[in-house]
Amino acid sequence: MATPGTTVTDGDNKLSWMLEDLTVPGVRFAVLLSEDGLRIAHVGAISLDDAERFAAAASGLRSLGKALSEFCGPANSVRQNMTEYDEGMIFITAAGEGALIGVSTMPDVDVSMVAHRMNELAVRVGRELGSLPRHRPGSDRA
């Protein structure tokens with residue numbers, strides 16, 4: 001498991017640099033994931049296996065948020081999921097087409113600062129993911 005505030009730089013975590021803005025006091029870890037629950041990158045105190053499990057669970061929580069959106073008025077888009085537990089919070093925010101950012105915090109975190117950083121990062125991540133070259137397996141062309 002990584003230590004708090006560190007970036008895991010294995011070959012499957014090449015995009016972890018995008019999440020560095022979320023390594024602030026009170027944040028345990030951050031995971032960039034696809035809407036269908038696949039881990040793209042992660043930073044902080046979480047192992048690769050746990051980041052993959054977190055990504056799957058965060059995707060499910062996001063889906064539940066979408067299912068409940070009709071009860072908040074006619075607009076049916078979810079801006080951010082926030083779930084509070086005894087020992088911390090989980091935040092999930094959309095980050096471009098088909099991507100999400102999930103963050104786990106400690107209970108004494110500055111909630112407004114984390115939400116603000118996540119929203120700023122979501123815009124940048126969306127632009128970055130949209131501009132990454134697409135590679136087909138077995139091909140050397142984008």
Side-chain angles (χ1 to χ4, degrees), residues 1-85 87-107 109-142:
M1 183 175 285
T3 57
T6 62
T7 301
V8 181
T9 56
D10 60 55
D12 291 332
N13 203 27
K14 294 176 185 169
L15 300 177
S16 63
W17 60 269
M18 286 192 223
L19 300 171
E20 284 298 318
D21 283 351
L22 295 173
T23 54
V24 297
V27 170
R28 287 184 174 102
F29 61 83
V31 177
L32 178 61
L33 59 133
S34 65
E35 273 191 340
D36 59 354
L38 299 176
R39 182 203 59 87
I40 298 170
H42 63 282
V43 295
I46 189 168
S47 68
L48 175 60
D49 288 344
D50 284 344
E52 289 175 348
R53 285 188 324 113
F54 178 86
S59 173
L61 186 57
R62 182 67 173 196
S63 293
L64 290 173
K66 286 181 178 180
L68 291 170
S69 67
E70 70 179 276
F71 300 104
C72 289
N76 61 359
S77 63
V78 180
R79 290 186 189 175
Q80 187 170 59
N81 298 72
M82 296 187 323
T83 307
E84 185 174 5
Y85 300 90
E87 295 299 320
M89 296 185 73
I90 299 293
F91 295 79
I92 305 166
T93 299
E97 188 68 31
L100 304 169
I101 300 170
V103 171
S104 172
T105 73
M106 296 177 186
V109 73
D110 181 344
V111 172
S112 61
M113 188 248 327
V114 171
H116 177 72
R117 288 215 179 178
M118 287 182 75
N119 288 323
E120 285 185 335
L121 181 60
V123 172
R124 290 195 313 269
V125 166
R127 278 195 306 258
E128 192 69 34
L129 289 178
S131 66
L132 288 175
R134 308 282 188 244
H135 294 284
R136 291 194 312 252
S139 171
D140 58 356
R141 296 190 311 153

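Side chains are part of it too, since the values below use all heavy atoms of this structure and drop only hydrogens, waters and symmetry mates. Given the structure is predicted, the values throughout are model-derived calculations rather than measurements.
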For Glu84, the salt bridge (Lys or Arg N to Asp or Glu O under 4.0 Å) test, sequence neighbours excluded, returns none
*Heavy-atom distance under 4.5 Å between the side chains of Leu121 and Met118, does that happen here?*
no
Across all chains, not counting sequence neighbours, the side chain to side chain contact (heavy atoms under 4.5 Å, CB included) partners of Leu38 are Ser34, Asp36
Side chain to side chain donor-acceptor pair (under 3.5 Å) pairs touching residues 53-65, sequence neighbours excluded, are Asp50-Arg53, Arg62-Asn81
**Request:** Under the side-chain contact (heavy atoms from CB on, under 4.5 Å) rule, what do Ile92 and Ile101 come out as? Steps first, then yes or no, please.
**Result:** CA-CA 6 Å; Ile92 305 166; Ile101 300 170; over 6 Å; no
Residues 115-125 vs side chain to side chain donor-acceptor pair (under 3.5 Å), sequence neighbours excluded, gives Asp21-Arg124, His116-Glu120
### Message
So that I can tick it off, tell me whether Lys66 and Glu35 are bridged by a salt bridge, with the cut-off set at under 4.0 angstrom between side-chain N and carboxylate O.
### Response
yes
The side chain to side chain contact (heavy atoms under 4.5 Å, CB included) partners of Tyr85 (sequence neighbours excluded) come to Thr83, Ile90
d(Met82 CE, Met89 CE) to nearest 0.5 Å is 5.0 Å
Those residues at least two apart in sequence (or on a different chain) that pass ring-ring contact (aromatic ring centres under 6.0 Å, His included) with Phe29 are Phe54
Across all chains, not counting sequence neighbours, the side-chain hydrogen bond (donor to acceptor under 3.5 Å, both in side chains) partners of Thr93 are Gln80
Applying side chain to side chain contact (heavy atoms under 4.5 Å, CB included) to Ala51 and not counting sequence neighbours gives Val31, Arg39, His42, Ile46
